[in-house]
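This structure is a prediction, so every number in the text was calculated from the model and none was measured. Below, read A as the first sequence line, B as the second, and so on, with proteins coming before strands; counting in each chain starts at 1.
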Number of protein chains: 2
Amino acid sequence: MNGRRVTIVDVAARAGVAISSASSALNGRSGVSQATRERVQEAARELGYVPSLRGRSLSTQRAFSIGFVLHRSLEVLEADPFFGAFIGGIEQAISPRGYALVLQVGSTLEEAEGRYRELAANRRVDGVLLNELRIDDSRIDLVQEIGLPAVGIVPPIDSFPLPCVRQGSAAGVRALVRHLVELGHRNIAHVAGPPGFVHSQERIDAWRGALEEAGLATGALIPGDFTYDGGRAAADEIAAMAERPSAVVCANDLSAVGLMIRAQELGWSVPGDLSICGYDGIALGTYVRPTLTTVQASPRRVGAAAAELLLDLIDDPEANALRHVDLPAGELVVGTSTGPVA
Amino acid sequence: MNGRRVTIVDVAARAGVAISSASSALNGRSGVSQATRERVQEAARELGYVPSLRGRSLSTQRAFSIGFVLHRSLEVLEADPFFGAFIGGIEQAISPRGYALVLQVGSTLEEAEGRYRELAANRRVDGVLLNELRIDDSRIDLVQEIGLPAVGIVPPIDSFPLPCVRQGSAAGVRALVRHLVELGHRNIAHVAGPPGFVHSQERIDAWRGALEEAGLATGALIPGDFTYDGGRAAADEIAAMAERPSAVVCANDLSAVGLMIRAQELGWSVPGDLSICGYDGIALGTYVRPTLTTVQASPRRVGAAAAELLLDLIDDPEANALRHVDLPAGELVVGTSTGPVA
DNA sequence: TTGAAAGCGCTACCAG
DNA sequence: CTGGTAGCGCTTTCAA
C-alpha cells in the first residue's frame, strides 16, 4: 500500500523511454528494438506494474468482459444445478484471454431484455451470450438493433442470423426412443419443455420422428416446463389417461425425476409399470433410484465454445459473423429407470 | 447504429451549457440552477444519453463492480445447486445500485488466490466477497495486504478483522439434535464437512454441545467433504462400525442424501434403522424419499446482505470497517428421514 | 451559478 | 526505432 499505484508512466521513466515505446514494448507490438523491449519489461517487473484495465478500457473502447444474463426466477435458480456447468465452461475459456464474466439475473424476459439494453448502453461488456433461445426470440433483433456482439446457444435450426453454438438434442432423443423400442415399448409418451423454446421443440420433433421411423403411432404429448413439479404434474396426467403409455421420454432430467418420484408415490413400479428417461445427464439423475436413463449433454463444453466464439467475434466481427459451431451430440446413458415392457 | 455514441459533450452542447455543468446536473450535485438542470436533463433524454461506465470508471477510480471467486472444482460446480442462490441474492442487492457482479472460478485455493490478486491488481472490481472461509483463511491477509475491500461470509466466530455476514448454523444443528433426542435417539453420529472450514467446525461443535446438553455421550465423528460421494462413503463407514448409531446429523444436505441412498442400498430402512438429517434445505432434499429432515438456510439472503455490506464498505470504508451482520438462524424442517428410535 | 481546463491511465498516430 | 501528443468520456477543481 505504498502510495500511488504504479502506472505506465513510472515504467517508462524507469526504463528511460517514452510512454508510447513502453506501451508498444509491453503489448508485444512491433516498432521497438529488442533492447528497449527488454529494458521496459524489466522495469515493469521491478516496479510490479500491472496495466490498469480502466485506462486500457477507455482508450481501446473495450470492456474486456462479456455478459451473461440468466433469465429465470430466483426460485428456479436455487434448484437447478445445470447452469453452474455453463458458467464453469465460460470462465475456463475467457480468463486465459484476459476477459471476465459479468453475470446478471433477469427474472422475467422483460427484465432480462432490460439488462441487455443496459449492458449495451453503458458498454459494460463487449458482447453477450444468448442462452435458452426461443423460437423467434426477441433478443435476436435486440442485439442487432443495439449493435451488441452476441452468440446464440442452441439456436433455431438453419438460418440463424448470429454466430452460434449448437449441441443438438435430436440425436440423443432419437437414441432414447430407439432404446425404448428395443425394450419392446410401443406406446411412448413425451413430457415436453415449455412451449416456445427451441430446445423444447427440437425434442418434440425428434421424439415424433423417431416414433415414425420405428413405425409406431405418435404417443401422448404431455405439457411440461422443465421443472421438478412439472414432472410430478405429468405423472398425475398420465394416471388420468385411459390408455397409459409404457414409457415416457422427458424433455429434461429434472422433470423426469419429478415424474419418477410421483409415479412411485402413485404406487407404480419404475421401470416395471413405466419406463422413464430424461435429458441432460445432471448428477441428480444418478442420485435417485432407479437411476435415470438419459443423454449426457455437455453444458461446460457448450459454455466454453460459445464464449470462445464470442471473443473471436469481438476480435474480428467480419470473419466470425456467421460462424456456427456444432458440438458432438450427447451420448446415451442407460440407467435403471428403463426396462422391458411388462 | 447512427455513428458515434452520444457523450456528455453532446448533451452539454445541446443544452447550451458547459460540460462540467452538465455533469453536475446529471449527477444531482449542487451548484447548478434548477433551470439549467432541467435543460440538461431534457437534452440527455432527447439524445438518449447513457453515461459511459469507462469514462466514469477512469475518472472516479471505481469499477462499479464487485467480484466473487468460486473456489471449487468445475465438477462440484455441476452438481451443487447451492451457489445459484447466493448469486441471485448478490445480484438482487447490487444491480439497483448500478453495480455488476464479476464471477470468477478458481478450481484450487491457489488458483483462487491468484484470481483475487489479479482482480485487485488491475482493479477490475471495487471489492470482493469471501465465501466458505477457512479457519485462518489466507485470503484475509491477502485482501488486507493488497488493500482490497472485502466482506467475509460466515466468518470465524469473534474477532474477525473484516466486515462480515453470518448466518450461524449452531442453532440449527442443535435443533436437529434436540429433534432426534426427542425421538428417543441416544447414539447420534455426525458426518462432518471438510476439515479447516469454519462452517464445518461450527457444526461439529454444535453437535457436540447439543449432545452434552442432553446428557448424552459424544457419538461417532465421521469425516466427510460436503459431497454426495462423501455421504456414501460415510454410510459404508457406519456399516463397518461395531456399535452403529441410530441417527446421523450430516454437515450438509448433499452428503446426507448420499448417505441415505447408500444406506438404502445396504438394505437399511430410513428412518427405521437409521434416522438421517442434513443442513441447508436444498431442493434435492425434497426430491428424495424419504424427504430429508434439515435446516433451511437462506443463501439468497446471505448473498444479498453480504453484497449490500460490501457496497456500503466501498462507499464508506471507515464507517463500515467492522460492521457485522447477523442473520436469523435457519429453521428446522422436519422431513420423513427421521423417526422414533427402533 | 457557470465554464475552462486538468487529469484518470492507456493506446495510437505521426513526426523526427 | 523513438518520442511527443492527441484523444477515449468523465469528474472535479478553480477562476470568472
Side-chain angles (χ1 to χ4, degrees), chain A residues 3-41 43-44 47-65 98 120-126 314-315, chain B residues 3-41 43-44 47-65 98 120-126 314-315:
Chain A
R4 242 178 63 276
R5 298 171 36 70
V6 15
T7 75
I8 199 169
V9 179
D10 304 316
V11 175
R14 170 135 191 159
V17 301
I19 301 176
S20 53
S21 301
S23 175
S24 294
L26 291 169
N27 290 303
R29 253 172 292 147
S30 63
V32 259
S33 67
Q34 188 56 26
T36 305
R37 184 175 308 260
E38 279 169 11
R39 208 138 38 82
V40 171
Q41 286 171 340
L47 262 36
Y49 169 70
V50 180
S52 153
L53 217 49
R54 288 169 197 159
R56 232 151 78 86
S57 208
L58 185 59
S59 92
T60 60
Q61 304 283 42
R62 288 239 196 139
F64 299 104
S65 56
N122 61 200
R123 295 283 163 180
R124 194 189 270 281
V125 299
D126 298 323
I314 291 166
D315 281 341
Chain B
R4 242 178 62 276
R5 299 171 36 69
V6 13
T7 75
I8 199 169
V9 179
D10 304 315
V11 175
R14 171 137 191 157
V17 301
I19 300 176
S20 53
S21 302
S23 175
S24 295
L26 292 169
N27 291 304
R29 253 172 293 147
S30 62
V32 258
S33 68
Q34 188 57 25
T36 305
R37 185 175 307 262
E38 279 168 13
R39 209 137 37 84
V40 170
Q41 287 170 339
L47 262 36
Y49 169 70
V50 180
S52 153
L53 217 49
R54 287 168 198 160
R56 233 150 78 86
S57 208
L58 185 60
S59 91
T60 60
Q61 304 284 40
R62 287 240 196 138
F64 301 104
S65 57
N122 60 201
R123 295 285 164 178
R124 196 189 269 281
V125 300
D126 298 323
I314 291 166
D315 280 341

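Side-chain N or O atoms of B:S21 include none that pairs as donor or acceptor with a backbone N or O of B:V32 at under 3.5 Å. Distance alone, capped at 3.5 Å, places no donor-acceptor pair between the B:R123 side chain and the A:R54 backbone. Proximity of a side-chain donor or acceptor of B:R37 to a complementary backbone N or O of B:R29 within less than 3.5 Å is detected. Counting only distance, with no hydrogens or angles, the side chain of A:S23 and the backbone of A:I19 share no donor-acceptor pair below 3.5 Å. With hydrogens and angles ignored, the 3.5 Å screen pairs no side-chain donor or acceptor of A:S57 with any backbone N or O of A:F64. Not a single donor-acceptor pair under 3.5 Å links the side chain of B:R5 to the backbone N or O of A:N122.
Taking only side-chain atoms of B:S33, from C-beta outward, the nucleotide of C:dC10, D:dC10, C:dT1 with the closest atom is C:dT1. Ranking D:dT2, C:dT11, D:dG9 by closeness to the A:V32 side chain, first place goes to D:dT2. When distances run from any side-chain atom of B:R29 to the nucleotides D:dC1, D:dT11, C:dT11, the shortest one goes to D:dT11. Of the candidates C:dG3, D:dT11, D:dC8, D:dT11 carries the atom nearest the B:I19 side chain, counting heavy atoms from C-beta on. Nearest to the side-chain atoms of A:S59 among the listed nucleotides D:dG9, D:dG7, D:dT2 stands D:dG7. The side chain of A:S52 has C:dG9 as its nearest neighbour among C:dT11, C:dG9, C:dT2.
Base contact: B:S23 has a heavy atom under 4.0 Å from a base atom. Residue A:S21 is classed as a base contact, given a heavy-atom separation below 4.0 Å to a base. At a threshold of 4.0 angstrom between heavy atoms, the contacts of B:R54 with the nucleic acid are absent. Within 4.0 Å of A:T36, counting heavy atoms only, lie sugar-phosphate atoms of the nucleic acid but no base atom.
Here C:dA12 presents its P atom at 13 Å from CG of A:L58, a figure rounded to the nearest Å. Protein atom CG of A:N27 is 15 Å distant from nucleotide atom C1' of C:dC13, rounded to whole Å. Rounded to a whole Å, the CZ atom of B:R56 is 9 Å from the P atom of D:dC10. Between the CD atom of A:E38 and the C1' atom of D:dC1 there is a distance of 15 Å, rounded to whole Å. In this structure, CG of B:L26 is placed 12 Å from C1' of D:dT11, rounded to the nearest angstrom. Regarding B:F64, its CZ atom lies at a distance of 12 Å from the P atom of D:dC10, rounded to whole Å. Atom CZ in A:R62 sits roughly 18 Å away from atom C1' in C:dG9 (whole-Å rounding). Between the CZ atom of A:R5 and the P atom of C:dG9 there is a distance of 8 Å, given to the nearest Å.
For B:Q41, there are no side chain to side chain donor-acceptor pair (under 3.5 Å) partners at least two apart in sequence or on another chain.
For the helix from C:dT1-D:dA16 to C:dG16-D:dC1, the rotation axes defined at the first and last 5 base pairs enclose an angle of 50°, given to the nearest 10°.
Side-chain nitrogen and oxygen atoms of B:Q61 include none within less than 4.0 Å of the OP1 or OP2 phosphate oxygen of D:dT11.
Between the CG atom of A:L53 and the CZ atom of A:R62 there is a distance of 12.0 Å, given to the nearest 0.5 Å.
Residue whose closest nucleotide on DNA chain C sits further toward the 5' end, between A:S20 and A:G55: A:G55.
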